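First the structure, in the form of structure tokens, and then the observations on it.
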Amino acid sequence: MLTYKISATPSTNLYLKELIRKTPFQEEILVLTHNQTMGRGQRGNTWHSQSGKSLTFSILKDVFGLKIKDQFYIAMAVSLAIKKVLDSYKIPEVKIKWPNDILSSNKKLCGILIENTLKETGIKSSIVGIGLNVNETNFDNLPNAASMKILTNLTYDLEEVLNKIIDALAFYFQFLKENQYKELKDIYLLHLFGKDKVSHFKSAEGLRFNGIIRSVSSIGKLQVELENETIKEFDLKEIEMLLVGN
């Protein structure tokens, strides 16, 4: 794997996209920084990280000709890889909040941003951006955020955690290579935050309502059972799941 360690960058995803735009690569590439100044998350949110305490990196991954309609399986593989690593460190109550935020004890620990390069027959490659809170000790004005250190009172070696994530990504991307989509989805649903429980949501129009997450569609839409017992599908821009206190 080609590795680029840079002192600072607005976004490792943007850096990697520009890198492969200039020179086509046939292998995986890792871009790592300890100071990401304008990290991006889902819904256009900013990912806040602290220099030298967070893991902020992006990886160019081969997705083995995955069809565009199946691209949500990439999010499943990545989120499960992060959970696998956090479980190995005995981080408590790790869950995946749809589509691919990682929670521990209902606090956000990790954000994932996936950007795919498409071709006519499917997905050419995927840039996987990951921001993991590791050794931070406080989050001003972010009551729903946490770090590995806050949760366990331990300090972690960033390089060790990174190497574990790289190995875990390889493990779950093997599911994509072997077309084991059902198996991947079954594991994802097993660890999906709020599944089969009454949860609180907010629509794009600001309407708050209760519902029960039942599943995720093949294209990644959240399937929610409403109070009238009908199932409705929502995409990322149509619904937000609210954590306690929101």
Side-chain angles (χ1 to χ4, degrees), residues 1-5 11-13 15-17 19-20 24-32 40-42 47 55-89 91 94-103 109-132 134 158-193 215-220 236:
M1 179 185 294
L2 287 176
T3 300
Y4 293 80
K5 294 182 179 181
S11 162
T12 54
N13 266 34
Y15 188 98
L16 184 47
K17 282 201 287 189
L19 193 65
I20 61 177
F25 291 91
Q26 300 300 319
E27 59 184 301
E28 292 188 348
I29 305 171
L30 169 69
V31 174
L32 170 70
R40 297 171 297 140
Q42 298 284 359
W47 177 259
L55 268 179
T56 47
F57 63 96
S58 298
I59 300 179
L60 179 68
K61 297 289 291 184
D62 181 5
V63 293
F64 317 106
L66 189 72
K67 294 179 181 178
I68 295 172
K69 68 179 182 65
D70 294 326
Q71 60 186 305
F72 191 70
Y73 289 105
I74 302 171
M76 293 183 189
V78 176
S79 55
L80 285 170
I82 301 299
K83 175 177 166 53
K84 178 181 174 70
V85 172
L86 294 175
D87 286 346
S88 75
Y89 285 110
I91 305 300
V94 178
K95 287 286 186 179
I96 301 165
K97 179 174 176 282
W98 177 83
N100 52 20
D101 281 343
I102 308 299
L103 305 182
L109 196 60
C110 179
I112 298 165
L113 180 63
I114 298 170
E115 297 181 284
N116 298 318
T117 300
L118 307 180
K119 57 182 180 180
E120 288 185 6
T121 56
I123 302 172
K124 182 179 179 181
S125 61
S126 183
I127 292 178
V128 176
I130 295 172
L132 175 62
V134 182
L158 292 177
E159 186 171 355
E160 178 187 273
V161 178
L162 173 64
N163 288 334
K164 283 194 172 189
I165 292 174
I166 291 171
D167 289 343
L169 286 170
F171 176 82
Y172 279 107
F173 270 69
Q174 192 67 22
F175 282 72
L176 302 180
K177 186 175 183 178
E178 297 176 1
N179 300 320
Q180 294 181 317
Y181 305 142
K182 181 183 183 303
E183 293 84 351
L184 193 64
K185 182 177 179 179
D186 286 346
I187 303 171
Y188 176 86
L189 291 176
L190 184 65
H191 302 296
L192 186 61
F193 179 75
S215 189
V216 176
S217 75
S218 60
I219 59 173
L236 185 62

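Quick caveat, the model's predicted, so the values are computed rather than measured.
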* To do: Report the C-alpha distance between Ile96 and Asp101 in whole Å, list the side-chain angles of each, state the deciding distance to 0.1 Å, and finish with yes or no for side-chain contact (heavy atoms from CB on, under 4.5 Å).
  => CA-CA 6 Å; Ile96 301 165; Asp101 281 343; over 6 Å; no
* Asked: Do the numbers put Lys61 on top of the ring of Phe173, so that NZ or CZ is under 6.0 Å from the six-membered ring centre and no more than 45° off the axis?
  -> yes
* Asked: What are the two closest non-hydrogen atoms of Asn13 and Glu115, and how far apart are they?
  -> ND2-OE1, 2.8 Å
* Contact summary for Leu16 and Leu60, nearest pair of heavy atoms -> CD2-N, 3.5 Å
* Would one find more than 12 heavy atoms of other residues, nucleotides or ligands at under 6.0 Å from atom CD of Glu159? -> no
* Would you please indicate if the ring centroids of Tyr188 and Phe72 are separated by under 6.0 Å? => yes
* Student check: side-chain heavy atoms of Glu28 and Leu2 closer than 4.5 Å -> no
* Closest heavy-atom pair and its distance - Ile68, Lys119 -> CD1-O, 4.0 Å
* **Sub-4.5 Å side-chain heavy-atom contact between Met76 and Tyr181** => no
* To do: Taking side chain to side chain donor-acceptor pair (under 3.5 Å) as the test, write out the residues that go with Tyr4, two or more places apart.
  => none
* To do: Output the distance between atom CD (Gln174) and atom CD (Glu178), rounded to the nearest 0.5 Å.
  => 4.5 Å
* **Taking every non-hydrogen atom, the tightest pair across Ile123 and Ile74** => CD1-CD1, 4.1 Å
* Starting at NZ of Lys124, measure out to CG of Asp62 and round the result to the nearest 0.5 Å. => 11.0 Å
* For residues Leu103 and Leu109, determine if any side-chain heavy atom of one lies less than 4.5 Å from a side-chain heavy atom of the other. => no
* Any chance you could measure Lys83, atom NZ, to Ile187, atom CD1, to the nearest 0.5 Å? => 11.0 Å
* List the steps, then state whether side-chain contact (heavy atoms from CB on, under 4.5 Å) holds for Lys17 with Leu19. => CA-CA 5 Å; Lys17 282 201 287 189; Leu19 193 65; over 6 Å; no
* To do: Could you grab the distance from atom CG of Leu169 to atom CD1 of Ile82, nearest 0.5 Å is fine?
  => 6.0 Å
* Output all residues satisfying ring pair (Phe, Tyr, Trp, His ring centres under 6.0 Å) with Phe171, sequence neighbours left out; order by chain, then residue number. => Phe175
* To do: Please examine the side chains of Tyr89 and Val161, heavy atoms only from C-beta on, and report whether any two atoms are closer than 4.5 Å.
  => yes
* Asked: Can any side-chain N or O of Asn116 pair as donor or acceptor with the backbone N or O of Leu118 at less than 3.5 Å?
  -> no
* **Ser79 side chain vs Asn100 backbone, donor-acceptor pair below 3.5 Å** => no
* To do: Taking all non-hydrogen atoms of both residues into account, name the closest pair between Leu162 and Leu32 and its distance.
  => CD2-CD2, 3.9 Å
* Residues Ile20, Ile127; criterion side-chain contact (heavy atoms from CB on, under 4.5 Å); working and verdict -> CA-CA 10 Å; Ile20 61 177; Ile127 292 178; 4.0 Å; yes
* Asked: Which pair of heavy atoms, one from Ala75 and one from Ile114, lies closest together, and at what distance?
  -> CA-CD1, 3.5 Å
* Within the distance-only criterion (no hydrogens, no angle test), does the side chain of Lys185 pair as donor or acceptor with the backbone N or O of Ser215 below 3.5 angstrom? -> no
* Hey, what do you get for CD1 (Ile59) to OG (Ser125), rounding to the nearest 0.5 Å? -> 13.0 Å
* Asked: Just how far is it from atom CD1 of Ile130 to atom CD1 of Ile166, taken to the nearest 0.5 Å?
  -> 9.0 Å
* Asked: Is a side-chain donor or acceptor of Trp98 paired with a backbone partner of Gly220 at a separation under 3.5 angstrom?
  -> yes
* Considering only heavy atoms from C-beta outward, does the side chain of Phe57 approach that of Ile165 to under 4.5 Å? -> yes
* Ignoring hydrogens and geometry, is there a side-chain-to-backbone donor-acceptor pair from Ser126 to Val128 under 3.5 Å? -> no
